[in-house]
Amino acid sequence: MKILKYWTPPVFYMVLIFAVSAMEQPPLPMPKFEWLTIDKLYHFVEFGILSVLLAIAFVNVPPKWLPTGWIWVTAALISILYGASDELHQMFVPGRFATLADWVFDVFGAVAGVVGVYFYYRKKQS
């Protein structure tokens, strides 16, 4: 089924993000929390991947209620809001905390991922 093929990866990935965020000590080395550390790259890549998976799902199985041009905005917006919910979730996990800087890099990654997929599909169509 086409819907399962394209929507399973982003849903699974969102569950994975939630599971890793629920860990007191994530499996990746975490340096000091400052504006420009490897931690910000993790956030950028993590939400860039999520937005790519969502954009691919929306392109291949678009909801009938969503105008075609809005699939890109919707994919980015879902990723951005999921990033915000991830930061809120971490406020309740012992040993973890939420930061605005982390969410900012979630937003950058989400937008970059959607823009990349947009240009890929635009080039593929021409």
Side-chain angles (χ1 to χ4, degrees):
M1 223 173 161
K2 195 172 181 182
I3 195 165
L4 288 176
K5 177 182 178 182
Y6 290 105
W7 281 99
T8 300
V11 170
F12 175 78
Y13 192 68
M14 291 169 94
V15 169
L16 181 65
I17 290 171
F18 184 86
V20 172
S21 290
M23 295 178 180
E24 187 173 333
Q25 181 62 40
L28 298 171
M30 301 303 283
K32 291 181 181 180
F33 291 94
E34 298 171 7
W35 267 93
L36 294 173
T37 62
I38 192 78
D39 171 58
K40 302 308 175 258
L41 178 62
Y42 294 158
H43 282 269
F44 181 88
V45 171
E46 177 181 10
F47 285 89
I49 291 169
L50 177 59
S51 69
V52 165
L53 294 173
L54 287 167
I56 290 169
F58 276 120
V59 165
N60 289 285
V61 188
K64 293 178 183 175
W65 53 267
L66 187 64
T68 305
W70 283 90
I71 62 173
W72 311 107
V73 174
T74 305
L77 193 57
I78 290 171
S79 298
I80 289 166
L81 292 174
Y82 198 73
S85 73
D86 181 53
E87 292 303 315
L88 290 173
H89 171 230
Q90 288 181 20
M91 290 172 52
F92 301 100
V93 177
R96 303 290 296 270
F97 54 93
T99 69
L100 179 60
D102 286 350
W103 182 70
V104 167
F105 280 85
D106 296 347
V107 171
F108 290 158
V111 171
V114 167
V115 168
V117 174
Y118 171 78
F119 282 115
Y120 170 79
Y121 277 103
R122 190 169 141 188
K123 185 174 182 172
K124 187 177 173 182
Q125 287 177 343
S126 56

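We use all heavy atoms of the structure for the numbers below, so side chains are in, but hydrogens, waters and symmetry mates are not. Residue numbers count from 1 along this sequence.
A donor-acceptor pair under 3.5 Å is absent between the side-chain atoms of R96 and the main chain of A22, judged by distance alone.
Within a 6.0 Å radius of OH in Y118, no more than 12 heavy atoms belonging to other residues, nucleotides or ligands are found.
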Sequence neighbours left out, cut at 3.5 Å: what donor-acceptor pairs do the side chains of residues 52-68 make with other protein atoms?
| residue | atom | partner | partner atom | Å |
| --- | --- | --- | --- | --- |
| N60 | ND2 | I56 | O | 2.8 |
| N60 | ND2 | Y121 | OH | 3.4 |

Which side-chain N or O atoms in residues 69-79 pair as donor and acceptor under 3.5 Å with protein atoms at least two apart or in another chain?
| residue | atom | partner | partner atom | Å |
| --- | --- | --- | --- | --- |
| T74 | OG1 | W70 | O | 2.7 |
| S79 | OG | S51 | N | 3.4 |
| S79 | OG | A75 | O | 3.1 |

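To the nearest 0.5 Å, atom OH of residue Y82 and atom CG of residue D106 are 11.5 Å apart. A distance of 12.0 Å separates CE of M23 from CZ of F18, quoted to the nearest 0.5 Å. Atoms CZ and CE, on F97 and M91 in that order, are 12.0 Å from each other to the nearest 0.5 Å.
Taking all atoms of both residues into account, the shortest heavy-atom contact from A101 to K40 is CB-CE, 3.6 Å. Between S21 and H89 the shortest heavy-atom distance is CB-ND1, 3.5 Å. Minimum heavy-atom separation, E87 to W103: CG-CB, 4.0 Å.
L81 is not connected to F44 by any chain of hydrophobic side-chain contacts under 4.5 Å among Ile, Leu, Val, Met, Phe, Trp and Tyr, and they are in different clusters. One hydrophobic cluster, built from ILVMFWY side chains closer than 4.5 Å, holds both W7 and L4.
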Test side-chain contact (heavy atoms from CB on, under 4.5 Å) on L41 and F105 and set out the steps. CA-CA 8 Å; L41 178 62; F105 280 85; over 6 Å; no

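Contact check for E46 versus L50: no side-chain heavy atoms found under the 4.5 Å cut-off.
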